[in-house]
Every structure is written in C-alpha cells, then in structure tokens.
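The structure appears right after this line, and notes come after that.
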Amino acid sequence: MDAGMSTSSHLKAQARFPLQEHFLPRKNSKENLDRFIPNRSAMDFDYAHYALTEGRKGKDQAAAAVSSPSREAYRKQLAETMNLNHTRILAFRNKPQAPVELLPTDHSASLNQQPKSVKPRRYIPQSSERTLDAPDIVDDFYLNLLDWGSANVLAIALGHTVYLWDASTGSTSELVTIDEEKGPVTSINWAPDGRHVAIGLNNSEVQLWDSASNRQLRTLKGGHQSRVGSLAWNNHILTTGGMDGQIVNNDVRIRSHVVETYRGHTQEVCGLKWSGSGQQLASGGNDNVVHIWDRSVASSNSTTQWLHRLEEHTSAVKALAWCPFQANLLATGGGGGDRTIKFWNTHTGACLNSVDTGSQVCSLLWSKNERELLSSHGFTQNQLTLWKYPSMVKMAELSGHTSRVLYMAQSPDGCTVASAAGDETLRFWNVFGVPEIAKKAAPKAAHEPFSHVNRIR
C-alpha cells in the first residue's frame, strides 16, 4: 500500500513540473491510404469455378471426340442455359456511366482558357501542436501572464515564478521567483529588443530584468497604489495599468521614471496596447470602458485627457488588438456579460461593427499574414475561434482547453499562437499558417532601452 502511494505521489509530482510536455498519441493521416476494393456483386464465382475446373475438361473432350449433330445441338443449348459463352472470367459487369456535359463545349473551352484566380483554402489543424504543463497559473481574468518576445522566447508567470521557454530549442529556464510578500506575479511583457522583460507584481511594484544575464536591472515604485495587472512597451516607455485605475508612462532610461499619468478609468485597468505607430494607446478596464489616448494630445495637455471614451461594452474589456494592415482599426472584446467583439475607427471614435460571440472574450490576436482575427473564450466551450475579416465568418474553432482561455501570445513570425488557460496547460496552435512568400527584410538595429540604466536600482 505504501509503495503504491509513493509511486502515485511521484507521478503526480512529475506531471506538475512546469512546462513539461504532454505526449499524446497521434493518428497518422497517411496510414489510411486509398486502396482498390472490387465490386464482388458484379462477379460470377460459380462460373469462374466451373471454367477453371470442369469447363476446361469438357472443352478438351469435345475437341477430341467426333460429335454428332444431336450432341452438338445439346451442347450449345446447355452452354446457353448455363451461361457458358463467356470469354472472360471475373469480369466487371458494371460499366461506368457516360460523363454528363454540364456546359456547352464552346463555353467549356473558353472557361479552361481563363487563369485560375481562386486561392486554395488553407488547412487549419484542429488540435494543438504541443501541450506543456503550467501548474499554479493564476486563473484571473484581469491579469496578463503570458508573452512571446521578439527573440523567440516565451515568458509565462506561474504563481510567484517567471519561467522562460525557448521556442527554438525547447529548453526551459527559471528567471525569478518573487517573494511571498510581493507576489504573485500579475503581469509580464517583453521589451521590443526581446532581451529585457517587465514583471508587474501584486504589491504595485514593477521589476525590470535582463533575461540574457538573469539579472534584475531596477524596480519601478510609486506609480501605483495596488497590483499592476497590465503592461505595454513603446520603445523606452513602459506603460503600466493598475487596480487603482491609473495608467502610468515610465521612462526606463531615467531615475525619476514616472513621466505621464493617464486618469480616466474608475476601476482596474486590465488591458493595454500601443498602436503599431506608437502614437495611440488603447486601454480597457473593469469599468466596461475603452479609452484611446494620443501622445500628442497627452503631451500638450496637463490634464492628460483621452482622445476617445468608448462606452458600448457592457462588461470588463481586457482583449485589445490593433490591426496590423489597417491604420486606426482597433478590435476589442468584452467579458462574460458582454461577449462581443467590436471594431473601432480610432480616428473618429466610431464603432464599425459588433459581433456576438456567445461567450466571454478573453484575448484577441490579429494575423500578421492574412486578414484574420483569433479570439479566445471562456464558458461554455473554452475555445479559440478564427474569424475572417471583415466578413467575420468563422473559419475554425479550436478546442482542447477545459477551462477559460485567459491568455494568448503570438510567435515572432506570426504563424504560431500559444494559449494558457485555467486548466493549467499551455498549448501551441499552428493556426495562422506559413506566409506564401517570406519577405526578407533588412535587419534593423535592436533598440536598447536600458543602455543608460545598467546600475540603477
């Protein structure tokens, strides 16, 4: 009995090891190859057996013996009755039907001459490519605990510990474990250089770490009064959103890091995203409000007034995603009481479209290669849904998680999406596919936002 309990506890400990891969049996689609199946109902096995055995003897005897006219007549009648006039055995009796010509010949010829412009439909795998254990991940809708950096390293916060998973090698390392009185970790976000990472904490502090040397660079204090649940980088500016409803711009290059404070939310700020140009910031809060902030307006106005205040959602707004192929287009997703994805023109503040998804929207990601949008959901299906934009036709629904899919992150090449859920698993989906033509751009010099603050604490 003791040995059995010891083995059980050992297996349980193994299963809960962070970022340990699940090995699930897979069906090989190439195993079921096409094969020829004869139509047995079209074959005369009785005749085949006779022709192979007795039929040949009868022919030989008939050829050797001199037959009388009456015997010859009897043989012919017997052959006709027994259906022995076949020249082939095991022959197919079913003949293929003549093809039906749906179009006139001249139309068909002209149609064949036209170039084919229809794009073949992309295959979207319905199951995750890989599944890793994520024990002790905090099941909290308002936090942001997953991010994928430009150096192809994924960062995930599990309780008080931040782990790094290198997608190129599949190796896992521990970056830091936060003290009990400061944690747990409430947000995480990579800097644009893919080397430095910001970690928001439950005690209102934000730590900056160098992942290459596993060294803490500094701690940002004084910006918030409570936990920091959302982070967003804009070059050397780190924007933080707190449970106190405040949004703070921190310049990580200088000692007095707080340079701007945005006030507009009355409850926790759970979503922050800078636009691709770095000019506009979208914020979502537990007060069901989305704000659009403009840097030019903020810098010229001492009260830091928002550019737009969008109040159409009826539940908390955490999911925010700027469109990569259309300027001033923002997608937002509402919580369990709202369940909609809304699209906004952030230049005018107009709502362009609203789609009821039927469940809580936890996260949104645009494809970098196609006009597609991926959303992650909660109760009841806990699925990922791929939408075609702008028609918002469902292209695929990906299931596998057994709890709400709270966090999503996209690989640097835009092809793979990682999702983490309350079921304590981290799954990888090849949902966006590989771009048809890989555009090789000239490498840009990586911006070093911490070059002047190596020894600042």
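The chain is numbered in sequence order, starting from 1.
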task = Give a yes or no answer on whether the side chain of Asn382 reaches the backbone of Ser399 with a donor-acceptor pair at less than 3.5 Å.
result = no
request  = Might you work through the side-chain contact (heavy atoms from CB on, under 4.5 Å) test for Leu426 and Ile137, ending with a clear yes or no?
outcome  = CA-CA 10 Å; Leu426 175 65; Ile137 191 168; over 6 Å; no
inquiry  = Could you tell me if Thr340 and Asp338 have a donor-acceptor pair between their side chains, going purely by distance under 3.5 Å?
reply    = yes
key: Heavy-atom side-chain proximity of Trp366 to Leu329 below 4.5 angstrom   = yes
query = What closest approach, in Å, do Gly349 and Leu310 show between heavy atoms, and which atom pair accounts for it?
reply = O-CD2, 3.6 Å
query = Can you name the closest pair of heavy atoms from Gly170 and Trp165 and give their distance?
reply = O-NE1, 3.5 Å
Criterion side-chain contact (heavy atoms from CB on, under 4.5 Å) on Leu386 and Leu398, from CA distance to verdict = CA-CA 8 Å; Leu386 183 63; Leu398 312 178; over 6 Å; no
remark   = Tightest non-hydrogen contact, residues Ser211 and Arg195, listed as OG-O, 2.6 Å
ask   = Can you say whether the rings of Trp148 and Phe428 are parallel (under 30°), tilted (30 to 60°) or perpendicular (over 60°)?
value = perpendicular
inquiry  = Tell me if a side-chain donor or acceptor on Ser187 pairs with a main-chain N or O of Val228 at a distance below 3.5 Å.
reply    = yes
query = With a 4.5 Å limit on heavy-atom distance, are the side chains of Ile341 and Trp387 in contact?
reply = yes
ask   = For the atom pair CG (Asn288) and OG1 (Thr314), what is the distance rounded to the nearest 0.5 Å?
value = 6.5 Å
query = Does Ile237 reach the side chain of Arg295, with side-chain heavy atoms less than 4.5 Å apart?
reply = yes
query = Between Thr219 and Gln207, is there a donor-acceptor pair closer than 3.5 Å when you use the side chain of the first and the backbone of the second?
reply = no
ask   = Would you say the side-chain atoms of Thr186 pair up with the backbone N or O of Gly200, donor to acceptor, closer than 3.5 Å?
value = yes
ask   = Looking at Phe432, does the NZ or CZ of Lys368 lie under 6.0 angstrom from its six-membered ring centre and within 45 degrees of the ring axis?
value = no
Leu145 and Val138, any side-chain heavy atoms less than 4.5 Å apart = yes
For the student: nearest non-hydrogen atoms of Ile247 and Val269, plus distance = CG1-CG2, 4.0 Å
task = Give a yes-or-no answer on whether the side chains of Asn430 and Thr416 include a donor-acceptor pair shorter than 3.5 Å.
result = no
message = Can you confirm whether more than 12 heavy atoms, excluding those of Glu397, are under 6.0 Å from its CD atom?
response = yes
inquiry  = Working to the nearest 0.5 angstrom, can you tell me the gap between Ser296 OG and Gln279 CD?
reply    = 5.0 Å
query = For Gly400, does its backbone N or O pair with a side-chain atom of Arg427 as donor and acceptor, under 3.5 Å?
reply = yes
ask   = Is Asp251 salt-bridged to Arg253, going by a charged N under 4.0 Å from an acidic O?
value = yes
query = Do Arg218 side-chain atoms and Val252 backbone N/O form a donor-acceptor pair below 3.5 Å?
reply = yes
query = Leu384 versus Met408: any side-chain heavy-atom pair under 4.5 Å?
reply = yes
ask   = Is a side-chain N or O of Ser204 found less than 3.5 angstrom from the main chain of Gln225, in a donor-acceptor match?
value = no
message = Set out, in order, the CA-CA distance, both residues' side-chain angles and the distance that settles side chain to side chain donor-acceptor pair (under 3.5 Å) for Ser283 and Trp293, then state yes or no.
response = CA-CA 8 Å; Ser283 64; Trp293 313 86; 3.0 Å; yes
message = For Lys388, I'd like to know if atom NZ has over 12 heavy atoms of other residues, nucleotides or ligands within 6.0 Å.
response = yes
task = Please examine the side chains of Gln360 and His377, heavy atoms only from C-beta on, and report whether any two atoms are closer than 4.5 Å.
result = no
key: From OG (Ser230) to CD (Glu268), nearest 0.5 Å   = 7.5 Å
task = Evaluate side-chain contact (heavy atoms from CB on, under 4.5 Å) for Arg227 paired with Asp140, printing each intermediate quantity in order.
result = CA-CA 13 Å; Arg227 73 178 186 181; Asp140 191 328; 3.1 Å; yes
ask   = Checking side-chain hydrogen bond (donor to acceptor under 3.5 Å, both in side chains) against His224, which of Thr261, Asn203, Asp244 comes through?
value = Asp244
query = Between CG of Asp294 and CG of Leu307, what distance do you get to the nearest 0.5 Å?
reply = 5.5 Å
key: Pairing residues for Arg371 by the salt bridge (Lys or Arg N to Asp or Glu O under 4.0 Å) criterion, not counting sequence neighbours   = none
query = What pair of heavy atoms forms the shortest contact from Ala396 to Gln126, and how long is it?
reply = CB-NE2, 4.0 Å
message = Hydrogens and angles aside, do His265 and Asp287 bring a side-chain donor and acceptor to less than 3.5 Å of each other?
response = yes
request  = Output yes when a side-chain donor or acceptor of Glu424 lies under 3.5 Å from a complementary backbone atom of Asp136, and no otherwise.
outcome  = yes
ask   = Within the distance-only criterion (no hydrogens, no angle test), does the side chain of Asn286 pair as donor or acceptor with the backbone N or O of Gln267 below 3.5 angstrom?
value = no
remark   = Output for pair (Glu180 CD, His160 NE2), nearest 0.5 Å, gives 4.0 Å
key: Smallest separation among heavy atoms of Asn369 and Asp413, with atom names   = ND2-O, 4.0 Å
key: Sidechain-backbone polar pair: Trp322 side chain, Lys273 backbone, donor-acceptor under 3.5 Å   = yes
Leu406 and Phe141, any side-chain heavy atoms less than 4.5 Å apart = yes
key: Test log, rule side-chain contact (heavy atoms from CB on, under 4.5 Å), inputs Ile156 and Ile188   = CA-CA 7 Å; Ile156 185 171; Ile188 192 166; over 6 Å; no
request  = For residues Val185 and Leu201, determine if any side-chain heavy atom of one lies less than 4.5 Å from a side-chain heavy atom of the other.
outcome  = yes
ask   = Going by the angle between their ring planes, with limits at 30° and 60°, are Tyr389 and Phe343 parallel, tilted or perpendicular?
value = tilted
key: Between OG1 on residue Thr172 and CG on residue Leu164, distance to nearest 0.5 Å   = 9.0 Å
ask   = Can you find a side-chain donor-acceptor pair between Trp429 and Ser419 that sits under 3.5 Å?
value = yes
key: By side chain to side chain donor-acceptor pair (under 3.5 Å) - contacts of His257 (at least two apart)   = Asn250
